[in-house]
Amino acid sequence: MAPLIKNSGEFVARQIQYEKTQSIAAEADRALELIGRAIRMAGYQNAKSSLPSTRKNTSSTADIQLQKNNGYRGSDSLMIQHGLSDGVDLDCIGNTLSEDRTKNSFAHQGFLVDRQASAPKGVRVNGGSLICQSLDRQGRLQNTTLMNGVHRLAIEELPANSIRAFKLRLEMTDGTSIHKTFERTFATRNLL
């Protein structure tokens, strides 16, 4: 009977580990896709927009800003701005973008990793929190936690060809035995 109980316990422990790993992978995939969607939108201008035509000739450095080593455990942060399309645009937390959620006719989306603030005092923290920055209906910057368990976010701009491309590396942890790294590369569609 003892070997059966031992094997059952090991099986349950492996199953829990597997489910945690799958959950972490799903969260990381969702976060990377949200960041990638924002990167692809960076610098977008609606052809019907009332913005001055001189804006089209300005540098793209304001449309996508990368800051290195300024977040939790040396994580990088990214701030992106873009115009609104004629369709339905969403920010990084799923709010429908409209003119009242813009500043100077540009929507803003930012991603950074900060210390996990939602943990009760005395509880062991499992990494930092991935924060989405967007504008509220008054055009003020708001921070919303997308997920916890982020060990580090690294963003590397790849050498320039005809487009700007970024390699994202998201390190996730459960705080004990699981430490996984996920990588994706995204390119801008509207910036040169």
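Side chains are part of it too, since the values below use all heavy atoms of this structure and drop only hydrogens, waters and symmetry mates.
With hydrophobic clusters built from ILVMFWY side chains whose heavy atoms lie under 4.5 angstrom apart, Phe106 does not share a cluster with Leu84. A continuous path of ILVMFWY side-chain contacts below 4.5 Å connects Ile39 to Leu34, so both sit in one hydrophobic cluster. Neither Ile131 nor Val113 shares a network with the other; the hydrophobic side chains, linked directly or stepwise wherever heavy atoms of I, L, V, M, F, W or Y lie under 4.5 Å apart, form separate groups for each. A continuous path of ILVMFWY side-chain contacts below 4.5 Å connects Leu32 to Leu130, so both sit in one hydrophobic cluster.
Checked against ring-ring contact (aromatic ring centres under 6.0 Å, His included), His151 has the following partners two or more places apart in sequence or in another chain: His179. Shown here are the side chain to side chain donor-acceptor pair (under 3.5 Å) partners of Lys68, two or more places apart in sequence or in another chain: Asp76. Under the rule for a side chain to side chain contact (heavy atoms under 4.5 Å, CB included), the partners of Gln142 that lie at least two apart in sequence or sit in another chain are Ile93, Asn95, Arg101, Ser134, Asp136. Lys180 pairs by the side chain to side chain contact (heavy atoms under 4.5 Å, CB included) definition with Thr21, Ile178, Phe182, not counting sequence neighbours. Take Asp91 and apply the salt bridge (Lys or Arg N to Asp or Glu O under 4.0 Å) test, not counting sequence neighbours, and it matches no residue.
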Evaluate the side chain to side chain contact (heavy atoms under 4.5 Å, CB included) criterion for residues Val150 and Leu170: first the C-alpha distance (whole Å), next the side-chain angles of each, then the deciding distance (0.1 Å), finally the verdict. CA-CA 7 Å; Val150 179; Leu170 185 62; 3.7 Å; yes
Stepwise side chain to side chain contact (heavy atoms under 4.5 Å, CB included) test for Phe166 and Glu156: CA-CA 6 Å; Phe166 297 86; Glu156 174 187 349; over 6 Å; no
Apply side chain to side chain contact (heavy atoms under 4.5 Å, CB included) to the pair Leu141 and Leu135, showing each step before the final yes or no. CA-CA 5 Å; Leu141 201 59; Leu135 299 175; 4.0 Å; yes
Taking it one step at a time, do Glu99 and Thr102 satisfy side chain to side chain contact (heavy atoms under 4.5 Å, CB included)? CA-CA 5 Å; Glu99 197 59 41; Thr102 65; 3.3 Å; yes
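No side-chain donor-acceptor contact under 3.5 Å links Ser77 to the backbone of Leu112. With hydrogens and angles disregarded, no donor-acceptor distance shorter than 3.5 Å links the side chain of Asp114 to the backbone of Tyr72. The closest donor-acceptor contact from the side chain of Asp174 to the backbone of Ser177 lies under 3.5 Å. Although no hydrogens or angles enter the test, the distance criterion places a donor-acceptor pair under 3.5 Å between the side chain of Arg30 and the main chain of Leu146.
The side-chain heavy atoms of Tyr18 and Arg14, taken from C-beta on, include no pair separated by under 4.5 Å. Considering only heavy atoms from C-beta on, Thr96 comes within 4.5 Å of Leu90 through its side chain.
Side-chain atoms of Asn46 and Ser85 form no donor-acceptor pair, as typed in the model, at a separation below 3.5 Å. A donor-acceptor pair shorter than 3.5 Å can be found between the side chains of Gln109 and His82. Of the N and O atoms on the side chains of Ser129 and Asn148, at least one donor lies less than 3.5 Å from an acceptor on the other residue.
The CZ atom of Arg137 lies 6.0 Å from the OG atom of Ser98; values are rounded to the nearest 0.5 Å. Met147 CE to Cys132 SG: the interatomic distance, rounded to the nearest 0.5 Å, is 12.5 Å.
Ionic pairing of Arg184 and Glu33 is present here: one or more N-O contacts between side-chain nitrogen and carboxylate oxygen are shorter than 4.0 angstrom.
Each of Ile64, Leu66, Thr188, Asp63 was scored for a side chain to side chain contact (heavy atoms under 4.5 Å, CB included) with Ile80, with one residue passing: Ile64.
Hydrophobic cluster of Met41: the remaining members, joined at side-chain heavy-atom separations below 4.5 Å, are Tyr44, listed by chain and number.
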